[in-house]
2 protein chains.
Amino acid sequence: MSRDLLSLNQATSRQEAPSLGPDLSGLPKAASELPGIGAEASKEAFDAPTFSPLYRQIKDRLMRALDSGEWQPGQMVPSEHELAKRYGVSQGTVRKAIEELAAEHVLVRHQGKGTFVSSHHEERAQFRFLRLRRDAGGLPATESSILECRRVRPPADVTRELQMRAGESAVFIRRMLTVDAFPAVLDELWLPGSLFRGLTQERLQQYKGPLYALFEASFGTRMLKAREQLKAISCPADQALLLGIEVGKPVLLVDRLSTTYQDRPVEVRRGFYLTEKHHYFNALV
Amino acid sequence: MSRDLLSLNQATSRQEAPSLGPDLSGLPKAASELPGIGAEASKEAFDAPTFSPLYRQIKDRLMRALDSGEWQPGQMVPSEHELAKRYGVSQGTVRKAIEELAAEHVLVRHQGKGTFVSSHHEERAQFRFLRLRRDAGGLPATESSILECRRVRPPADVTRELQMRAGESAVFIRRMLTVDAFPAVLDELWLPGSLFRGLTQERLQQYKGPLYALFEASFGTRMLKAREQLKAISCPADQALLLGIEVGKPVLLVDRLSTTYQDRPVEVRRGFYLTEKHHYFNALV
DNA sequence: TAGTGGTCTAGACCACATG
DNA sequence: ATGTGGTCTAGACCACTAT
């Protein structure tokens, strides 16, 4: 199947093309009865109109609804049956869309209960974004303390990575993760100022829990994915002082770019990891 | 559904319980017509017999067939239709099993062509297991050279990680990955001797291509998954010499345990990464 | 033209959670 | 008892590949 909301490829030869809701088709229904003309012609004319299967269009609509805040993290989304009715497709098609979103950790499903918007308040999410592990094995119990939080003019590379306009301000945060009261990770974050108005050091210090949970709850920004680059470096003076180690000792540098819906970049994070008793865990699957 | 090959839970109340092939049921067919008795009783009697849905049983059977070498890497497996007939289930059930195997990179599907056993000879596989990237971006063109290959009595931790019997020998390999003729990664591998008989330095040096491709083609061992632990360390003398750097300079240490079918561990690998112009890439999804 | 996987539908029933 | 997601089936048609 290749149907789309772009009206161009309604012209398929399926018997019954279920409408995707009245608001979706820009063309009169009749167009979809002409077999293999509109689609073929348009394929030639407009190079690369992206055709996508129904379930993926549903997925996109769900994604947009989530992005717009229609359902909040932790809340239940409508049931498969309900969504199928709403979008005018079969339950199986909705299911496939939801399954992909669940695989991407955007939603979580609970048999018998429903489908929910996933949240950084769940343990599950913290496992995904905190890769520090004890050498002995297992997740370390960490404590976070905010060392610094101020609005800054970000470095050029941060501006670029966050796709900010030149001159826009950013929020800079420095925080220490301690394990058993010993420094383990020094994190330096940059956030787009426009998305995090009112983020102050006091606010951060009051908050107990993962930063991402605060960002999600108070600023409506959910981190969905991240890309990281890891290096072993000699620890610079600034960071060595804060970590309580000699300048030049090896530390693991973790550069992260986090994205939210539509792959919009919303966080640059640089972590300095002490890896004497801990390590960065990764699973190749 | 909760049906299983363990004969115990054939007693479900579905109208038609498709047999999973004549060899699968230890009970007479009649048992499956008794609604909700055998299953309930057995559930009480035997604590925790693992029930699994049909598609997962199919997946397991496919996995075992692959493990036994019934279909070789690169080869096509029977079509969905064929497998459905063979196992006596619907095509949709087979499809679900195959989809999971494809998600785990055990199989690859190609529309119009068929479903194939994936192989380390494909570029796809190399992307998964080589995480070194240029800082500029993109996969570096690497050259591998074998420095050492001999049978050894492995260190105790390697023996344990590979679940080998005490006293069993291992194959130890040292190889350098160079990028643009400069050393980039020094790898030290331990492999169970029993699985890699006849693996010699000559054989390794002759072979062009990824080690895993050789292991797969010549020794029938496919790496399917791996777990890695990363640390920043001061480079030890031995490795510094080979890498051409000063002793004590920071290097990225990557400890890998690779597994094959049934999560059997089959490789311990320790990599020393120079991360001046390169980095270890990771995607948090 | 035939065969493969990919999408979509419809309907049944099971398993789980809650009231 | 009801509503949710989870499994399984059957059948239709589409898209792609090869011959």
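Proteins come first, then strands; the chains are lettered A, B, ... in the order of their sequence lines, and each starts at number 1.
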Given [options], which nucleotide is nearest the side-chain atoms of [X]?
X      : options              : result
A:K113 : D:dG5, D:dT7, C:dT18 : C:dT18
B:R95  : C:dT9, D:dG5, C:dG6  : C:dG6
B:R109 : D:dT4, C:dG5, D:dT7  : C:dG5
B:Y55  : D:dC16, D:dC8, C:dC8 : D:dC8
B:E80  : C:dT9, C:dG5, D:dT4  : C:dG5

Between A:H120 and A:M223, is there a donor-acceptor pair closer than 3.5 Å when you use the side chain of the first and the backbone of the second?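 Indeed, once roles are kept as given, a pair shorter than 3.5 Å links the two residues.
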Under a 4.0 Å N-O cut-off, is there an ion pair linking A:E100 with A:R56?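 Answer for the salt bridge query: yes.
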Whole-Å distance between [N] [atom2] and [X] [atom1]?
X      : N     : atom1 : atom2 : value
B:Q111 : C:dT7 : CD    : C1'   : 9 Å
B:Q91  : C:dG3 : CD    : C1'   : 11 Å
B:L107 : C:dG6 : CG    : P     : 12 Å

Counting only side-chain N and O atoms of B:S90, is one of them less than 4.0 Å from OP1 or OP2 of D:dC8?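 No, because none of the side-chain N or O atoms of B:S90 sits under 4.0 Å from OP1 or OP2 of D:dC8.
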Answer with base, sugar-phosphate or nothing: what part of the nucleic acid does B:H110 contact at a heavy-atom distance below 4.0 Å? sugar-phosphate
